[in-house]
Amino acid sequence: MLDRLRKGASTGPAKVLFILLILSFGIWGIGDVVRGVGGNPAAIKVGDVEVSPQAVQAAFRQEVDRMRRAVGPEMTVERARELGLLDATIAQLARQAVVEAAAKDLGIVISDGELNRELQQVPAFRNAQGQFDRVLFARVLQQNNLNEERFLLDLERDMVRDALLGSAAAGAVAPAPLVAPLVAYQGEEREAVAVFIAADAQPAPQAPSDEALQEVYQDSLPAFTAPEYRRLTALVMRPSQLAERVEISDDQIRAEYDAHIEDLRQPETRIVQQVVVDDQQTAETISQAAQAGRTLTAAASEAGASPMDLGAVSRDGLPAEAADAVFTLPEGGVSAPVQTPFGWHVFQVAEIRAATTPALEDVRDDLRRRLAEDRAIDALYDVTAAVEDALGGGATLEEAAEQAGLPLLTVAATDRRGQDPQGRPVSGLPEEEQFLRTAFDLESGRESLLQELGQGYFIVRVDEVTPPTPRPFDSVREQVQALWQGRALAAAAEEQANAVAEALRAGTAPAAAAEGVPGAQVVQTPRFTRAADAVPTPAGMLPDAIVGDLFVGAEPGTVAVAQGDDGWVVARLTAVHPLQQPTEAPFFAQARRQVQTAVADDLATQFLNAYAERFGIEVNREVINRSF
C-alpha cells in the first residue's frame, strides 16, 4: 500500500499471483519460518517483538480481499489458504518482526519531524501545486480503507526498514569484470532466415462429420459456455441526482461570484510563435534576422530550423525563463535567445490579448450549477444516512428508495463485464468497476452494505443468479465448425513447417525448401538479441519461442520451429554477432546498477537472516488457527 501511494497511486491467474507473492515474502522460506511452538499467546515472536493473532488475521484477510479483486469471488478464504496465502502472510509478518527487532537492537528511531517530512513527500497526498494537502490525504486513506493512525504506523515501519536495510546494503558494489560478462550475454546479436507458412493459405479440408464437430464442441465446451448472469436491483446515489432539488438564491450566486472573482478572471494571453535550436549561435542568427525585419519563419528556414505555433499561452503556461521573455515583448516583438532545458528559443508575439473579467450574468448559470453540486454533496450524506436508517428499521430497498425520492436501477441480466446475454453493454450500469465487483461477490438474495462510488454511494441486491450454462450445440454450430476448420488449417501448416525444417537441417537452401509450400514466404531477419520478445520481419513477427531456440545453438545452422500469429514459422540461424567491448555498451551503466541492486538485496537478506537466526522466529500455529 505504502509503495503504491508513494508512486502516485494487472492481474493474471491466481497461481501466478501467488507465486509472485510468496517469492516476495519468502525471505527465509516458508518451511523455515513456520513451526509450531505452543504455549505462546503471541502468533509470531522474534526476540521481544510479538505479533498478535488478530494482526495475522487482519493481514491475511486484507490479502484475500486483494486477491479476490484480482481473480474474482471464487477466491475464498479456504481457497487462499490452500494456495499458501496464509503461509506467505505469516512469512511477511515474521520478516517485519525481524526488522523491528534488529532496529531496536541498533537503536534506530524515527522522530516525529522525520515522519512528518516523509509524509509530505508522498506524491499521492500532493495537490496540483505540489503541496501536501491534508484533505487529499484523508480522502486517499478513506479510499484505501486505512485510518491515519494505521497509515502513520506503517509509514514509520517503512522508514525504519529503509534505514536498517539501507545501511546494511550501503557497501554493495558491482565491479566492471563482474558486469561485463552479463552485458556481453545480453548484447549478443543473431540473424536468421525465416520461412513463414500461413495457415489460411493451406488447402481447404473436407467438410467435417457431425461426430468430429461434436468432439470439438465437447473439447472446447468452456468457449461455448454462457457466463454467469445476475439480476440486480440497486440504489445508486450521486450528488447530480440531488442537485436539482437544491435551491440557490441570487444573493448566494453574487456572494460566490465575489468570493471567486480572481479565479474567474481570465489572465492575459499571447499568441506566440517560437523556434527551438540546439546552440546559442544559431538562435542569435535567427533572432537578429527576425528583429531586422525578416519573418520568423524565413529567418528560421535560412538557419535550417522550423518555427512552431504555441497558440494562446498565459504566463503560467510557460517555463519561468521563457515567460519573462515573452511577457515583456510588445506585440510583434522578437525575443533574444532564451535557454531552457529543451534548448535555445527565439519567441515572437503575434498578438496580445488583455486579461478579462467575466460579468456576473455571463457566469451565473455555471455558478448556480457549482453551488448546487456543492450543496448536493452535503445533502447526499443526509440522504444516505436516512436510507441506512430505513434499511436498519426493516424497510426493503424499494421502500428506502421511495422514502428518499430516488429511482432504483433494475438490471435484468448482466455478466461480470457489464454485458447482457446478447453481448451488448447493459444500459445504466455505473462505470466504476467496484459496482459489478460488489454485485458478483454477493450470494443470491443478499444485499450489500452502503458502498462508495466515486463521489456517491450505492447499495446493490442480487435478485437471481444464472450459473454458467453451455450453449446448445445447434446454436453454436457455425462457431464450432469455424474452430474445427481453423485447427485443421493450422495442423496442415504445422505439417508443412516440419517438412521445411527437415529440409533445412539437411542443408537445403531456404528458398528451395519452401518451394511449392502454400502460403510460404522466405525472409531474412534483422539482428536480434536474446531479450527480444518477438522480431519484426517483412512477413510478420518472429515468435519469441524461435528467438529462444536460436540462442540455444552455438553455431549457424540451428533450425527452430514454432507457431506464429497466423500460421507456423521455421527459422535457420545464419550469423552470430558477439558484443565487442561490453564495458562501452550503451546499457552497461544500467546493467551495472541492476547488478549493484541485486548485490544490495543479497546483503540485506543476509543481514536479516543473521538477525533471524540470532533472535529465533517462533510461529504458534495453534493460536493462529484458533483466531480464524
Side-chain angles (χ1 to χ4, degrees), residues 1-9 21 24-25 41-69 77 85-86 88-127 130-166 377 381 384-385 388 434 449-455 457 620 623-624 627-628:
M1 173 65 69
L2 299 181
D3 291 337
R4 185 171 79 250
L5 291 174
R6 283 200 183 93
K7 293 175 183 175
L21 180 67
S24 67
F25 285 173
I44 303 170
K45 185 175 181 181
V46 179
D48 61 355
V49 175
E50 296 184 350
V51 180
S52 70
Q54 292 76 20
V56 175
Q57 182 188 53
F60 173 66
R61 292 193 179 279
Q62 184 177 14
E63 290 302 323
V64 172
D65 290 342
R66 185 168 69 87
M67 291 299 172
R68 185 177 290 126
R69 290 193 295 271
V77 169
L85 182 58
L86 179 57
T89 303
I90 291 171
Q92 168 67 355
L93 293 176
R95 181 183 189 274
Q96 291 176 358
V98 172
V99 170
E100 289 186 33
K104 285 185 177 181
D105 185 64
L106 296 174
I108 297 176
V109 178
I110 303 299
S111 69
D112 291 343
E114 290 172 323
L115 183 64
N116 185 56
R117 283 192 294 273
E118 181 71 11
L119 174 66
Q120 297 193 22
Q121 296 304 311
V122 179
F125 304 148
R126 292 186 170 190
N127 57 25
Q131 301 170 330
F132 176 77
D133 189 326
R134 175 157 286 280
V135 174
L136 183 59
F137 169 57
R139 185 184 308 142
V140 173
L141 293 190
Q142 184 180 23
Q143 291 170 349
N144 289 277
N145 297 319
L146 292 172
N147 59 49
E148 183 172 337
E149 181 181 2
R150 168 67 185 277
F151 179 82
L152 292 177
L153 179 61
D154 287 344
L155 180 59
E156 182 179 6
R157 286 174 174 169
D158 277 3
M159 294 176 67
V160 169
R161 179 200 63 202
D162 292 346
L164 179 70
L165 300 185
I377 291 174
Y381 292 106
T384 55
E388 287 194 295
Q434 184 183 356
L449 298 174
L450 185 72
Q451 303 280 329
E452 285 193 36
L453 192 69
Q455 284 190 320
Y457 299 87
N620 192 327
V623 73
I624 291 175
S627 69
F628 285 90

Distance (rounded to the nearest 0.5 Å) between Lys45 NZ and Asn620 CG: 11.0 Å
Any pair with a residue in residues 104-114 that passes salt bridge (charged side-chain N to carboxylate O under 4.0 Å, His left out), sequence neighbours left out, goes on the list, sorted by first then second residue, please. Asp105-Arg614
On a heavy-atom basis, the closest approach of Ala163 and Ile108 is CB-CG2, 4.2 Å
As an exercise, state the distance from CD of Gln62 to CZ of Arg66, rounded to the nearest 0.5 Å. 8.5 Å
Which residues pass the side chain to side chain donor-acceptor pair (under 3.5 Å) test with Arg126, not counting sequence neighbours? Gln121
So which atom in Pro41 and which in Pro53 form the shortest heavy-atom distance, rounded to 0.1 Å? O-CD, 3.8 Å
Provide the full list of ring-ring contact (aromatic ring centres under 6.0 Å, His included) pairs with a residue in residues 41-69, sequence neighbours left out, each pair given once. Phe60-Phe628
If you take all heavy atoms of Leu93 and Ala55, which pair is closest and at what distance? CD1-O, 4.2 Å
Checking Arg117 now: which residues fulfil side chain to side chain donor-acceptor pair (under 3.5 Å) with it, not counting sequence neighbours? none
Gap between atom CD of Glu149 and atom CG of Asp154 - 0.5 Å precision: 10.5 Å
All side chain to side chain contact (heavy atoms under 4.5 Å, CB included) counterparts of Leu450, not counting sequence neighbours: Met237, Thr384, Glu388, Tyr457, Ile459
Does some side-chain heavy atom of Arg161 sit less than 4.5 Å from a side-chain heavy atom of Asp158? yes
First locate atom CD of Gln120, then atom CG of Asp133, and finally report the distance between them rounded to the nearest 0.5 Å. 11.0 Å
With rounding to the nearest 0.5 angstrom, report the CD1 to CZ distance, Ile44 to Arg95. 13.5 Å
Shortest non-hydrogen pair, Ile90 vs Ile624, comes out as CD1-CD1, 3.8 Å
Testing the basics here: between Ala97 and Val51, what is the closest heavy-atom pair and its distance to 0.1 Å? CB-CG2, 4.3 Å
With sequence neighbours left out, write down each residue that passes salt bridge (Lys or Arg N to Asp or Glu O under 4.0 Å) with Glu452, or none if nothing qualifies. none
Closest non-hydrogen contact found for Glu148 with Leu141 is CA-CD1, 3.7 Å
Rounded at 0.5 Å granularity, tell me how far CG in Leu119 sits from CD in Glu156. 12.0 Å
Could you tell me whether the side chain of Val56 reaches within less than 4.5 Å of the side chain of Leu86, counting heavy atoms only? yes
State which residues pass ring pair (Phe, Tyr, Trp, His ring centres under 6.0 Å) with Phe137; sequence neighbours excluded, sorted by chain then number. Phe125, Phe132, Phe151
Which of Ile110, Leu155, Leu106 passes side chain to side chain contact (heavy atoms under 4.5 Å, CB included) with Val160? It is Ile110
